[in-house]
Amino acid sequence: MVKIGFVSLGCNKNLVDSEIMMGACKKAGFEITPDAEDADVIVINTCGFINDAKQESIDTILEMADYKKKKCKFLIVTGCLTQRYKDEILNEMPEIDAILGVKEMLKLPEVIKKLYEGEGKIKVFDQQSTFIYTSSTPRVIATPAYYAYIKIAEGCNNRCSYCSIPLIRGSYVSRHVDDIIREAEMLAQNGYKEIVLTAQDTTKYGLDIYNKKMLPDLLQRLSEIDNIKWIRFLYSYPEDIDDNLLKVVKDNPKVVKYFDIPIQHINNRILRLMNRKTSSENIKELITRIRSAFDEVVIRTTVLVGFPTESEDEFEELYEFVRWAKFDRLGAFAYSQEEDTPAANLPQVDDEKKIKRYEKILNLQRKISLDQNRRRIGREYEVVIEGKDRNNFYIARSQFEAPEVDGKIIVFSRRKLLPGEFVHVKILDAFEYDLVGEVI
């Protein structure tokens, strides 16, 4: 039996695509292997969002190409990088045998069969394709057996001036509520306790097909499913977080008290240049409203430094805002000039300045993160056990840590714990990103 190995790069939305491709291959009779050395075919699902991600994708392709000197016969590349550079990548990287666009993932088994039949240098793209998966689409879940992602929409309509995602993924397309509920029910029946909703912008979910923001309704419907313990949603844009959504999060015990809000900047001129649909005043008011609405809540954000024409004063405004906001989690990015985006044509900030601003923001956030974590010492939380670290201590998350991106809780226990088990812990100590607790 032909064995297919997968490498998934980039965001959790890309991971869902990889899971769908694995499902298609398994349905077609191929075997999925986690070991690249054991794979007859290696598939790399790339990221092409910013320069660092593109470089990681290229490096991974070259690394996986080395396996063609051993057992691997074919190297297939898909994802954002191939979608964006479909006319160049096959010519510039002869190690690749086939490439597919982001909406052609179900054609992967057919491509593999064609390669084995002797066809080479295959390129599969359809500009008219509007593929979005459904609950009946075969899927091999790659996350641990207690949480899974559900992609509720594809594409994006926000058209932020620095972002290439709409060029790659197209316009926003929501899945139907009933179909998402069916998928969540199947996941719950298979033992998954945490559902993580993802999309380029979850807060605009439903606008295209229901003419209203449907995230609150979706969260409420999901909470009615037996055996689901936590419901988490990521990438919620500040202009669409309204009182209705806040009420659902506050009143529903299954919806975690965690907001992932990418603000990118706080200066109004920069926000307008970014084509963001909010303002400094609205962002500050929203943060105040969220914090006042909950006894305990975590707010995560991302900021972009060194955006074209950003002055030192405008950066300092962002810096002071971060100091004021005291985000529990913050990811910072230095602006990456992406061709074919409006921001690429603006006067650019010097790279050295961008890096200095990036480091200054992160240094500030380290202190804030430590302070925020120390506030949790002495508190008790229900956590899910994820495994053990190299020191043989248990690693866990509470509702206030999103999988893969946030810190962990190091847990001491006198009894044996299993991955996926939920236990109560008391926090004993805090570091910049991680916490320490014991089972109670």
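- Taking the six-membered ring where the residue is Trp, the centroids of Tyr162 and Tyr335 are separated by 6.0 Å or more.
- Exactly one residue among Leu15, Thr137, Leu108 makes a side chain to side chain contact (heavy atoms under 4.5 Å, CB included) with Ile20. That residue is Thr137.
- Sequence neighbours left out, not one pair with a member in residues 425-434 passes side-chain hydrogen bond (donor to acceptor under 3.5 Å, both in side chains).
- Counting heavy atoms from C-beta on, the side chains of Tyr172 and Leu207 never come closer than 4.5 Å.
- A search for salt bridge (Lys or Arg N to Asp or Glu O under 4.0 Å) contacts involving Lys107 returns Glu104, not counting sequence neighbours.
- In this structure, Asp406 contributes its side chain and Ala402 its backbone to a donor-acceptor pair below 3.5 Å.
- In this structure a side-chain-to-backbone donor-acceptor pair under 3.5 Å is missing from Asn282 to Thr278.
- In this pair, Tyr149 and Tyr147 present their aromatic rings perpendicular. The plane angle is above 60°, beyond the 30 to 60° band.
- For the residue pair Ser174 and Asp208, a side-chain donor N or O sits within less than 3.5 Å of a side-chain acceptor on the partner.
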**Candidate pair Val177 and Tyr210, rule side chain to side chain contact (heavy atoms under 4.5 Å, CB included), full reasoning** = CA-CA 10 Å; Val177 169; Tyr210 298 107; 3.8 Å; yes
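- Within the structure, the salt bridge (charged side-chain N to carboxylate O under 4.0 Å, His left out) test picks out the following pairs touching residues 177-190 (sequence neighbours left out): Arg139-Glu183, Arg175-Asp179, Arg175-Glu183, Asp178-Arg221, Asp179-Arg182.
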**Residues Glu320, Arg323; criterion salt bridge (charged side-chain N to carboxylate O under 4.0 Å, His left out); working and verdict** = CA-CA 5 Å; Glu320 291 303 322; Arg323 188 201 302 275; 3.1 Å; yes
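- Checking Tyr235 against Asn12 by side-chain atom types alone, a donor-acceptor pair falls below 3.5 Å.
- In the model, Asp313 has no side-chain atom that pairs as donor or acceptor with a side-chain atom of Ser311 under 3.5 Å.
- Side chain of Thr198 to main chain of Lys13: no donor-acceptor pair is present (N/O by atom type, distance under 3.5 Å, no hydrogens or angles).
- Salt-bridge annotation for Asp371 and Lys326: absent, with no side-chain N of the basic residue lying under 4.0 Å from a carboxylate O of the acidic one.
- Looking at residues two or more places apart in sequence or on another chain, you find a side-chain contact (heavy atoms from CB on, under 4.5 Å) between Ala332 and Val303, Leu330, Tyr358, Ile361, Leu362.
- Between Glu310 and Arg357 there is a salt bridge, with a side-chain nitrogen of the basic residue lying less than 4.0 Å from a carboxylate oxygen of the acidic one.
- Under the 3.5 Å distance criterion, the side-chain polar atoms of Thr301 are matched with a main-chain donor or acceptor of Ile263.
- Annotation: cation-pi pair Arg300/Tyr258 absent, no NZ/CZ under 6.0 Å from the ring centroid and within 45° of its normal.
- In this structure, Leu222 CG and Leu197 CG are separated by 5.5 Å, a value rounded to the nearest 0.5 Å.
- With values rounded to the nearest 0.5 angstrom, Leu286 atom CG is found 13.0 Å from Glu281 atom CD.
- No side-chain heavy atom of Ile261 sits less than 4.5 Å from a side-chain heavy atom of Thr302.
- Contacts of Pro138 classified as side-chain contact (heavy atoms from CB on, under 4.5 Å), with partners at least two apart in sequence or in another chain: Lys27.
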**Request:** For side chain to side chain contact (heavy atoms under 4.5 Å, CB included), just list the numbers for Leu418 and Ile385, CA-CA rounded to whole Å, side-chain angles, deciding distance to a tenth of an Å, and then say yes or no.
**Result:** CA-CA 7 Å; Leu418 299 174; Ile385 301 300; over 6 Å; no
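- No side-chain donor from either of Ser57 and Thr46 sits under 3.5 Å from a side-chain acceptor of the other.
- Cation-pi geometry between Lys193 and Phe422 is not met: the NZ or CZ atom fails to fall both under 6.0 Å from the ring centre and inside 45° of the normal.
- Within a 6.0 Å sphere centred on NZ of Lys360, heavy atoms belonging to other residues, nucleotides or ligands number more than 12.
- No side-chain donor from either of Lys213 and Asn244 sits under 3.5 Å from a side-chain acceptor of the other.
- At least one donor-acceptor pair under 3.5 Å links the side chain of Gln348 to the backbone N or O of Ala343.
- A distance-only check finds a donor-acceptor pair linking the side chain of Asn363 to the backbone of Glu359 [under 3.5 Å].
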Please set out all donor-acceptor pairs under 3.5 angstrom arising from side-chain atoms of residues 224-233, sequence neighbours excluded.
residue : atom : partner : partner atom : Å
Lys229  : NZ   : Glu382  : OE2          : 3.2
Arg232  : NE   : Glu194  : OE2          : 2.8
Arg232  : NH1  : Gln399  : O            : 2.9
Arg232  : NH2  : Glu194  : OE2          : 3.1
Arg232  : NH2  : Gln399  : O            : 3.0
Arg232  : NH2  : Glu401  : O            : 3.3

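- With sequence neighbours excluded, the residues satisfying side-chain hydrogen bond (donor to acceptor under 3.5 Å, both in side chains) with Asn51 are Lys54, Ser336.
- Donor-acceptor pairing under 3.5 Å is recorded for the side chains of Tyr381 and Glu296.
- Looking only at distances, a side-chain donor or acceptor of Thr82 sits under 3.5 Å from a matching main-chain atom of Gly79.
- Counted by atom type alone, Arg276 and Ser161 present zero donor-acceptor pairs between their side chains at under 3.5 Å.
- Shown here are the salt bridge (Lys or Arg N to Asp or Glu O under 4.0 Å) partners of Arg272, two or more places apart in sequence or in another chain: there are none.
- By the side-chain contact (heavy atoms from CB on, under 4.5 Å) test, Lys277 pairs with Glu239, Asn275, sequence neighbours left out.
- Using a 4.5 Å heavy-atom cutoff, the side chains of Ile152 and Thr202 are in contact.
- With a 6.0 Å radius and a threshold of 12 heavy atoms from other residues, nucleotides or ligands, Asp295 has its CG atom at or below the threshold.
- Here Phe259 and Phe294 bring their ring centres to under 6.0 angstrom of each other.
- The shortest side-chain heavy-atom distance between Ile150 and Leu187 falls under the 4.5 Å cut-off.
- Counting only distance, with no hydrogens or angles, the side chain of Ser369 and the backbone of Gln365 share a donor-acceptor pair below 3.5 Å.
- Between the side chain of Asp389 and the main chain of Asn391, a donor-acceptor pair closer than 3.5 Å is present.
- In terms of the side-chain hydrogen bond (donor to acceptor under 3.5 Å, both in side chains) criterion, Lys257 has no residue partners (sequence neighbours excluded).
- Ion pairing of Arg291 with Asp328 is present here, as a side-chain N (NZ or NE/NH1/NH2) and a carboxylate O approach within less than 4.0 Å.
- Evaluation of the side-chain contact (heavy atoms from CB on, under 4.5 Å) rule for Lys388 yields Asn392, Tyr394 as partners, not counting sequence neighbours.
- Arg84 and Asp340 are not joined by a salt bridge, as no carboxylate oxygen comes within less than 4.0 angstrom of a charged side-chain nitrogen.
- Annotation: Arg379, atom CZ; neighbour count of heavy atoms from other residues, nucleotides and ligands within 6.0 Å is above 12.
- For the pair Lys103 and Phe125, the NZ or CZ position fails the cation-pi test of under 6.0 Å to the six-membered ring centre and within 45 degrees of the ring normal.
- For residues 146-156, every residue pair satisfying the salt bridge (charged side-chain N to carboxylate O under 4.0 Å, His left out) rule, not counting sequence neighbours, is listed here: Asp17-Lys151, Lys151-Glu154, Glu154-Arg169.
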